[in-house]
Q: 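Shown below is the structure under consideration.
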2 protein chains.
Amino acid sequence: MSERIDKDRFEPAYAQLAAILRRQIAGGIYPPGGKIPSESSIGKEYGLSVMTVRQAIGVLTQQGLVERVQGCGTFVKSVSLTGSRFGLESIEDIFQDPGRTRVKVLRMSPGRADAKTAEKLELAEGARVILIRRLLLRENLPAMCHEGRIRCDFTRPLVEAELEVGPLSDLFRGNGGGVAKKCALTILPTVFDSEQARLLNQPEGGPAFRLEYLVYDFDDIPFGWGWFTAAPETLVLKTKLGLWDES
Amino acid sequence: MSERIDKDRFEPAYAQLAAILRRQIAGGIYPPGGKIPSESSIGKEYGLSVMTVRQAIGVLTQQGLVERVQGCGTFVKSVSLTGSRFGLESIEDIFQDPGRTRVKVLRMSPGRADAKTAEKLELAEGARVILIRRLLLRENLPAMCHEGRIRCDFTRPLVEAELEVGPLSDLFRGNGGGVAKKCALTILPTVFDSEQARLLNQPEGGPAFRLEYLVYDFDDIPFGWGWFTAAPETLVLKTKLGLWDES
DNA sequence: AAGTGGTCTAGACCACTAT
DNA sequence: TAGTGGTCTAGACCACTTT
């Protein structure tokens, strides 16, 4: 234990300790499946209180590097598929940077709910809905197609707001809006149909992602359902597990 | 503030407080974008110390419901695509329950690295690698195809271990193994080729997921690269955002 | 200057696990 | 029974934001 905590450093003590423990694990001092020292002994070793040590170990736990077992100890985890988490960072800018994103509305018109839409929006089949079809462009290049159905209920102000802002932009942007209480998301593989292929300049029948959503308002009523279609280059689902440098 | 913390309950105080705050947010007392009371005032209100209140708010933060801003306050977040995280729970059992999973080896033979494999495994093109092609069955039903390339370096014991256990089972299972230091994962959309279609009983050209991996050992040398191909029903990427009941 | 979250202490008691 | 992590207290000081 050559390394020490420098309390004068800008980096807080718990972060320094987390980095030290991380290096020790990477260096093989504590092998996968092995036990790291107890919180109290680490605290004595580095002159820190137990709560601070816990916070450091909490960082490693959240990174999936170690696992706490009550009454037993803290163990180094092996790399496991199970711990992986994929996010939508690659398309964040499309929803969050309106300056670089343009929306081309291909269709916005009243229509009737088909069986699938009726089920999703908890409506009777044939009930009135608003159909939307749009093309989202990033830096003037086509990025994603959007197809959506919105509950046609003008007693609810949010429907109007929805139509005004264009799409679900505010909802998904995370600002302003605040009409959505909850949302279910599904990612599916699909293939481009002829229209999508033309709009996105992709080969028909080629592989694509479909990001499907179902949004509820604060009365727990589903008010919007739809999906985005994106090429594999646009929606990138990558993640890293285990001990990568500096992360 | 009608609800109180019951310290005799089995549920810890921080969890009770987190649930209370969650209900208050869901009930619209603190709307999206709004500020919740400061940690010290909540502490006084419920007779808890600041650290305990912080732990409760930490739970909500991790659930993506609120956001802490230093020197400013804690704010209720709107539902946003950005916060979503997708996991591989749907195929966890294939890797973690050897009893119900069978592996049929279609090919395991020495070969030469093509350009892509050479790049991934940091080898010269044409270097010796081991090629593996397998079919993974769950409950005797075909679930996923696997195609992999392993570094052919018998000075390293892990290669032999790799071949013995069959596949990356131990690695991905998270037990025993411990030869992997880090791993990169990518999910891509693809279409079934004729062989995959036949093996998995799926339509050729139909949409599928491709889960690609690259595994490194403790010397930071990439020793395995490959991918799994799965039907959309097998690999389910779903997630929920915002205020769902009891979660 | 006042209020907020961020960090930290030096203890305490409890629940759980292993021996 | 001893050791571990899980929870909790009642403060403290700091960095940051707002007024």
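Everything quoted here is computed from the prediction, not taken from an experiment.
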Q: In residues 222-239 of chain A, what donor-acceptor pairs under 3.5 Å come from side-chain atoms, sequence neighbours left out?
A:
unit_1: W225(A); atom_1: NE1; unit_2: E212(A); atom_2: OE2; d: 3.2
unit_1: T229(A); atom_1: OG1; unit_2: Q196(A); atom_2: NE2; d: 3.3
unit_1: E233(A); atom_1: OE1; unit_2: Q202(A); atom_2: NE2; d: 3.3
unit_1: T239(A); atom_1: OG1; unit_2: R85(A); atom_2: O; d: 3.0

Q: Using heavy atoms to find the nearest nucleotide of DNA chain D for Q70(B) and V50(B) separately, return the residue whose nucleotide is more 5′.
A: V50(B)
Q: Using heavy-atom distances to pick each residue's nearest nucleotide on DNA chain C, tell me which of G71(A) and T74(B) is more 5'.
A: T74(B)
Q: Strictly distance-based, threshold 3.5 Å: is any side-chain N or O of D219(B) a donor or acceptor partner for the main-chain N or O of I221(B)?
A: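 A pair under 3.5 Å: no.
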Q: On DNA chain D, nearest-nucleotide positions of A13(B) versus F10(A): which is more 5'?
A: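 Final value for this comparison: A13(B).
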Q: Which whole-number value in Å describes the distance from R68(A) CZ to dT17(C) P?
A: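 Between P of dT17(C) and CZ of R68(A): 16 Å.
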Q: Please list, in 5' to 3' order, the outermost nucleotides of DNA chain D lying under 4.0 Å from any heavy atom of chain A.
A: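 Range of nucleotides touched by chain A: dG3(D) to dC8(D).
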Q: Distance to the ring centre below 6.0 angstrom and angle to the axis at most 45 degrees; does that hold for K181(B) and Y216(B)?
A: no
Q: Using 4.0 Å as the upper bound for N to carboxylate O, is an ion pair formed by E3(B) and R23(B)?
A: yes
Q: Under the side chain to side chain contact (heavy atoms under 4.5 Å, CB included) test, which residues partner E139(B), sequence neighbours left out?
A: R100(B)
Q: Under 4.0 angstrom, heavy atoms only, what part of the nucleic acid is K35(B) near: base, sugar-phosphate, or nothing?
A: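 No contact.
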Q: Using a cut-off of 4.0 Å on non-hydrogen atoms, how would the nucleic acid contact of I57(A) be classed: base, sugar-phosphate, or nothing?
A: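 If one applies the 4.0 Å heavy-atom cut-off, I57(A) turns out to touch nothing in the nucleic acid.
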Q: When all nucleic acid strands are considered with a 4.0 Å heavy-atom cut-off, which category describes G47(B): base, sugar-phosphate, or nothing?
A: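 Result for G47(B) = sugar-phosphate.
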Q: Would you tell me whether Q63(A) and R22(A) have side-chain atoms, one donor and one acceptor, within less than 3.5 Å of each other?
A: yes
Q: Select from P37(B) and C72(A) the residue whose nearest nucleotide in DNA chain C is closer to the 5' end of that strand.
A: P37(B)
